[in-house]
Amino acid sequence: MITKRFAIPVAVVATALTLAACSSGPGGSGGASGSTGDYKIGVLVSQTGGAAQLGSGELQGAQLAADTINANGGIDGHQITLVPLDDKTTPDQALQQAKSLLQQGVVAVVGPSVVADCNAVAPLFANGPIDYCLSPAINPSGYVWSSSVAQDAFMQTGMSYWKSQGITKIAIVSSTDASGTSGAASTQAAAAQVGIQVTAAVTFDPTSVSVTPQIQQAVASNPQAIVVFSTGTPAGVALKGVQELGIKLPIMTTDGNLTYSFLNSIKDYTPDTLLIPATRDFWGQNVAVSDEVTKLETDYHQQFQQRFNAKPDFGPGVAYDAVSLIAEAIKSAGSTDPAALKTALEGIQGYEGVVGQYNFSADDHRGIDAKSIRLVQVKDGDFAYVDGQ
């Protein structure tokens, strides 16, 4: 079982950033067994397109993890070189770029960012190498892993909280893309599990410029609260409709909107109560889990702030953990052979990542559960831990 994690003081990371960036930035040289002995890890994320609010942060998180590991001597002396490519938030581009990464001989791929793109590339990894999808909405198996907590668990946490607050009737407003469809189903199941009635479930095209009719239909069913299940721009369109109609009901949305770029995009029409289920990287500094976890979360936030002059949000955390876990597996396996890496990853137990604790197995390629979820509320352009959970 692997329980060790890569960690390094902020000051040491800072002194190594220049050198580390050379090996982990775009265009780095070296391969799995190249002249430099570097290990190449592909980072296939949505740097542009509808999920760019996730992809840009994911790339930064992956870079910080590689910098941290490289500054600490790499993996038994081998440096990590990241190969970042943009899937443009489209399945076709994701498939094309994933093929390019495989042709370049990467030992593993981190990404894509969203469920549709992850599903598009999954067949390419049927026999390896490892693909660590950054969407929590897939069901990973074989050589495919999934980041963060399962989507069902996020919504179970949210619905349980609302039930504890006396909310028994909700409406669901979701987009018709893969993320919205799967999210609405998860919300329906979670509501039923805790005894909350879904009074209406309406959908909208993610390219819509107005969702006012759907919002009106949802509100007409007399809910006590609304779930808006869509990510990025479409979610913003829905929230704008809520504001324009003067609706004051509490709103909950998906963890895919745990980004500062999203908060900035809705700053003029943020609901009075906007709740989001979040992993430990959003509340770990507010809840005393253990001294180790407090230090881990504090160091991670300080390092990210120092490197990128910004606070980390959803994207950086999942990618940071993904690169760190792949590196841990390479170190344990002593090899980049896909089968050996798969076995090593499945053996990781009790690994404290910034998103939560990981316990993988042959039947669990997610390794993280609802214990790592608490609620945060959007307040003054930031994410505030919700007390009393």
Side-chain angles (χ1 to χ4, degrees), residues 24-28 31 40-63 66 81-140 142-148 151 175-183 205-209 230-237 254-259 261-262 265 313-316 318-320 322-323 326:
S24 63
K40 291 201 294 189
I41 297 176
V43 182
L44 178 58
V45 294
S46 300
Q47 298 177 48
T48 58
Q53 64 168 10
L54 296 173
S56 57
E58 288 164 350
L59 181 54
Q60 290 174 330
Q63 288 173 333
T81 295
L82 299 186
V83 184
L85 292 178
D86 181 10
D87 65 27
K88 301 181 181 179
T89 323
T90 64
D92 288 346
Q93 277 295 314
L95 188 61
Q96 178 180 326
Q97 301 292 25
K99 290 178 180 178
S100 174
L101 288 172
L102 295 181
Q103 291 170 354
Q104 295 181 60
V106 296
V107 302
V109 172
V110 171
S113 301
V114 297
V115 59
D117 296 353
C118 285
N119 288 336
V121 305
L124 294 180
F125 299 92
N127 299 307
I130 298 296
D131 175 37
Y132 208 123
C133 167
L134 296 179
S135 169
I138 71 162
N139 296 311
Y143 284 87
V144 177
W145 260 249
S146 178
S147 69
S148 196
Q151 188 168 266
S175 51
T176 55
D177 53 13
S179 297
T181 300
S182 62
D205 189 301
T207 63
S208 299
V209 296
S230 188
T231 302
T233 301
V237 172
T254 167
D255 58 294
N257 292 320
L258 285 166
T259 68
S261 60
F262 179 74
S265 71
D313 47 30
F314 178 83
V318 291
Y320 183 95
V323 170
I326 290 168

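These numbers come from a predicted model, not from an experiment.
Counting all heavy atoms, side chain and backbone alike, Phe262 lies closest to Gly236 at CE1-N, 3.9 Å. The nearest pair of heavy atoms linking Thr89 to Gly50 is OG1-N, 3.3 Å. Nearest heavy-atom pair, Val110 versus Val45, reported as atom, atom and distance to 0.1 Å: O-CG1, 4.4 Å. Pairing each heavy atom of Val114 with each of Ala51, the nearest pair is CG1-CB, 3.5 Å. The minimum heavy-atom distance between Asn257 and Ser230, with the atom names listed, is ND2-O, 2.8 Å.
A heavy-atom distance below 4.5 Å is found between the side chains of Gln47 and Pro84. The side-chain heavy atoms of Gln63 and Val43, taken from C-beta on, include no pair separated by under 4.5 Å. The closest side-chain heavy-atom distance from Val237 to Val209 is not below 4.5 Å. Side-chain contact between Ser100 and Leu85 is present, with at least one heavy-atom pair separated by less than 4.5 Å.
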Inset, instruction - Show your working on side-chain hydrogen bond (donor to acceptor under 3.5 Å, both in side chains) between Ser175 and Asp177 and close with a plain yes or no. - result: CA-CA 6 Å; Ser175 51; Asp177 53 13; 2.8 Å; yes
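Ser146 places a side-chain N or O within donor-acceptor distance of the main-chain N or O of Ser135, the cut-off being under 3.5 Å. When atom types are taken as modelled, the side chain of Ser148 and the backbone of Leu134 share no donor-acceptor pair closer than 3.5 angstrom. Between the side chain of Glu58 and the main chain of Pro112, no donor-acceptor pair closer than 3.5 Å is present.
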Listed pairs under 3.5 Å, donor-acceptor, residues 120-131 side chains, sequence neighbours left out:
none

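Atom CG of Leu101 and atom NZ of Lys40 lie 9.0 Å apart (nearest 0.5 Å). Summarising the geometry, atom CG belonging to Asp117 is positioned 9.5 Å from atom CD belonging to Gln93; distances are rounded to the nearest 0.5 Å. Atom NZ of Lys99 sits about 13.0 Å away from atom CG of Leu44, to the nearest 0.5 Å. The structure places CG of Asn139 at 9.0 Å from CG of Asn119, a figure rounded to the nearest 0.5 Å. Put simply, OG1 on Thr231 and CD on Gln53 are 7.0 Å apart, with the number rounded to the nearest 0.5 Å. To the nearest 0.5 Å, atom CZ of residue Phe314 and atom OG of residue Ser113 are 9.5 Å apart.
Side-chain N/O atoms of Ser56 and Gln60 include no donor and acceptor closer than 3.5 Å. Residues Asp87 and Ser46 bring a donor and an acceptor atom of their side chains to less than 3.5 Å of each other.
Legend: residues meeting side chain to side chain contact (heavy atoms under 4.5 Å, CB included) with Ala178, ordered by chain and number and at least two apart, are Val115, Ala116.
When each of Val106, Val83, Val107, Thr81 is tested with Ile41 by the rule side-chain contact (heavy atoms from CB on, under 4.5 Å), just one qualifies, namely Val107.
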